[in-house]
Number of protein chains: 2
Amino acid sequence: MNKLSSDERLPLYQRLRDSLAQQIANNRWRPGEAIPTEAALSAEYCLSTGTVRKAIDLLVSDNILERQQGRGTFIRRAQFQSSLFRFFRFQTEAGERRVPESRILSVEPVVAPSSVAQALGLAAGAPVIRMVRLRLLDGQPVLAEEIWLPRARFQALLELDLDTQGPLLYPIYEDACGQVVACAQESLTAETVNDVYGRLLQIPVGSAVVVIERLALNYAGEPLEWRRSRGHASHFRYSVEIR
Amino acid sequence: MNKLSSDERLPLYQRLRDSLAQQIANNRWRPGEAIPTEAALSAEYCLSTGTVRKAIDLLVSDNILERQQGRGTFIRRAQFQSSLFRFFRFQTEAGERRVPESRILSVEPVVAPSSVAQALGLAAGAPVIRMVRLRLLDGQPVLAEEIWLPRARFQALLELDLDTQGPLLYPIYEDACGQVVACAQESLTAETVNDVYGRLLQIPVGSAVVVIERLALNYAGEPLEWRRSRGHASHFRYSVEIR
DNA sequence: CAGTGGTCTAGACCACCTA
DNA sequence: AGGTGGTCTAGACCACTGT
């Protein structure tokens, strides 16, 4: 006999959606846990199953819930899975996805070049951290990354032994610096590789590489990280649907 | 008392969706025209309104139909604005968008190479039309396109003087061949340009070019056109938002 | 087996548009 | 006023999952 609190003019399925989203935000259920069954919800809120289903449909299409026939409806595990997979086909012959290893080549405190400062919304010459990283599959370099971070937020990284960490940076940002990446803007182009990156990627100078520039933001929309990645074009394929 | 022809194991709303998509592809209704009301469809197919609504929901979320409360449900006008703009920055200094001119270099009936046949869903060696086209801005080549069409659908193109037509192919497909492009899948990569395309694009052999492969489909999801376009990487930039 | 989500029905009533 | 899509009900039966 629960009550729907939000605006009475909204349809019931919308109000139920809002109520459930609120409870999810308040951790009534943990990620991976099941919410009550559709029957239980329709009893709790005195709604028909059709209305409950429509509310759940919305949360599923929002990527907040996940249905599993015969088992239940679950809170989606928050998985900021690297967008790499959308761009590079780092896969075995069998087509299974793999996270490339990470080899950090340098981490140094520097002052921001003007282009980087502008991307990160800092004053020119502001203190930043510059990191160069190589991603490898089976020992073969596939991606070379240049990463820039505002030092004010990421000072702790300089005192950390990054080699002992996993291959993903964003969990480290979260654990060591309390900085949570919520979303990112990426921008894609191609170029022929120069000698520096040719050597890093172990490909001939003049090969075609794809260049990905990414600005990562926190939930408040503030820039956290700017990176430029280069990878051999033969590892690269990006697909879109157009309507 | 219409019959749903497709696979009996599929849910009714799926089969109705397919049936409607087929009729839309066959021009039973013109773009902008209304389809029968939900009540009429549920009578015609002997389905409840809930099932009909669900089928229409799918077509709406596919961007094929458009609901207007109190008025009806309408075939969406295909605004199919060339996706070129999303990928290539063909713009004046002022930032205004321009459609590049089209220069058709060849149109010839050939048999399909196996890769093309596979993309178009044809048997290997099936009759197709191969077209080579150059897109130019201010007389400068910016994009070289290789276009493959199933001859069964596009025979009429061979008897047409394409030079007298506009720079966009899809309106020609529609007017001359009755083939309506509803959506497309594009896939993007990069390579260093060979001598043939280097000469076409008037750029040095070995420059980085972006390669776009596109499969265009009609409303029934049947392949209509496969094309591969190459353009100089410096004209190319693609942006994405990642949640 | 019992319990879950997935499909489907045959309505009712409402909000909105056109005339 | 009459017709449209939008919301909602109170069920039924099915397909799938776990024990």
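Naming convention: chains lettered A, B, ... in sequence-line order (proteins, then strands); numbering from 1 in each chain. These numbers come from a predicted model, not from an experiment. Just so you know, these numbers use all the heavy atoms, side chains as well, and skip hydrogens, waters and symmetry mates.
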Within the structure shown, what part of the strands sits under 4.0 Å from B:Glu38 by heavy-atom distance: base, sugar-phosphate, or nothing?
sugar-phosphate
Which of the following nucleotides, C:dC8, D:dC8, C:dG5, is nearest to the side chain of A:Tyr13?
D:dC8
Quickly work out the B:Leu47 CG to C:dC8 P distance and round it to whole Å.
8 Å
Under a 3.5 Å cutoff, is there a donor and acceptor pairing between the side chains of A:Ser19 and A:Tyr45?
yes
Per the side-chain hydrogen bond (donor to acceptor under 3.5 Å, both in side chains) rule, which among A:Glu186, A:Glu145, A:Glu213 passes with A:Arg227?
A:Glu145
Whole angstroms only, please: what is the CZ-C1' distance between A:Arg9 and D:dG6?
17 Å
Could you give the CZ-to-C1' distance, from B:Arg67 to D:dT7, as a whole number of Å?
12 Å
Measure the spacing between CG of B:Leu41 and CZ of B:Arg53 and express it to the nearest 0.5 Å.
12.0 Å
Taking atom types as modelled, find out whether B:Gln118 and B:Ser114 have a side-chain donor-acceptor pair closer than 3.5 angstrom.
no
How many Å lie between CG on A:Leu10 and C1' on D:dC8, as a whole number?
15 Å
Report yes if at least one side-chain N or O of B:Arg71 is closer than 4.0 Å to OP1 or OP2 of D:dG5; otherwise report no.
no
Checking contacts here: which listed nucleotide (D:dT17, D:dG5, C:dG5) is nearest the side-chain heavy atoms of A:Thr37?
C:dG5
Side chain of B:Thr73 only, heavy atoms from C-beta on: which candidate in D:dG5, D:dC8, C:dT9 is closest?
D:dG5
How long is the line joining CG of A:Leu16 and C1' of D:dT7, in whole Å?
14 Å
Taking DNA chain C as the partner, which of residues 48-58 of chain B come within under 4.0 angstrom of it by heavy atom?
B:Ser48, B:Thr49, B:Thr51, B:Lys54
Quick one: B:Tyr45 OH to C:dT7 P, roughly how many Å, whole number?
20 Å
Euclidean distance, B:Leu162 CG relative to B:Ile104 CD1, rounded to 0.5 Å:
4.0 Å
Rounded to whole angstrom units, what separation is found between the CD atom of A:Gln69 and the P atom of D:dC16?
6 Å
Taking the inter-plane angle between the rings of B:Tyr173 and B:Tyr170 on a 0 to 90° scale, is it parallel (under 30°), tilted (30 to 60°) or perpendicular (over 60°)?
tilted
First locate atom CD of B:Gln155, then atom CG of B:Leu160, and finally report the distance between them rounded to the nearest 0.5 Å.
12.0 Å
Euclidean distance, atom CG of residue B:Leu12 to atom P of D:dC14 [Å, nearest integer]:
13 Å
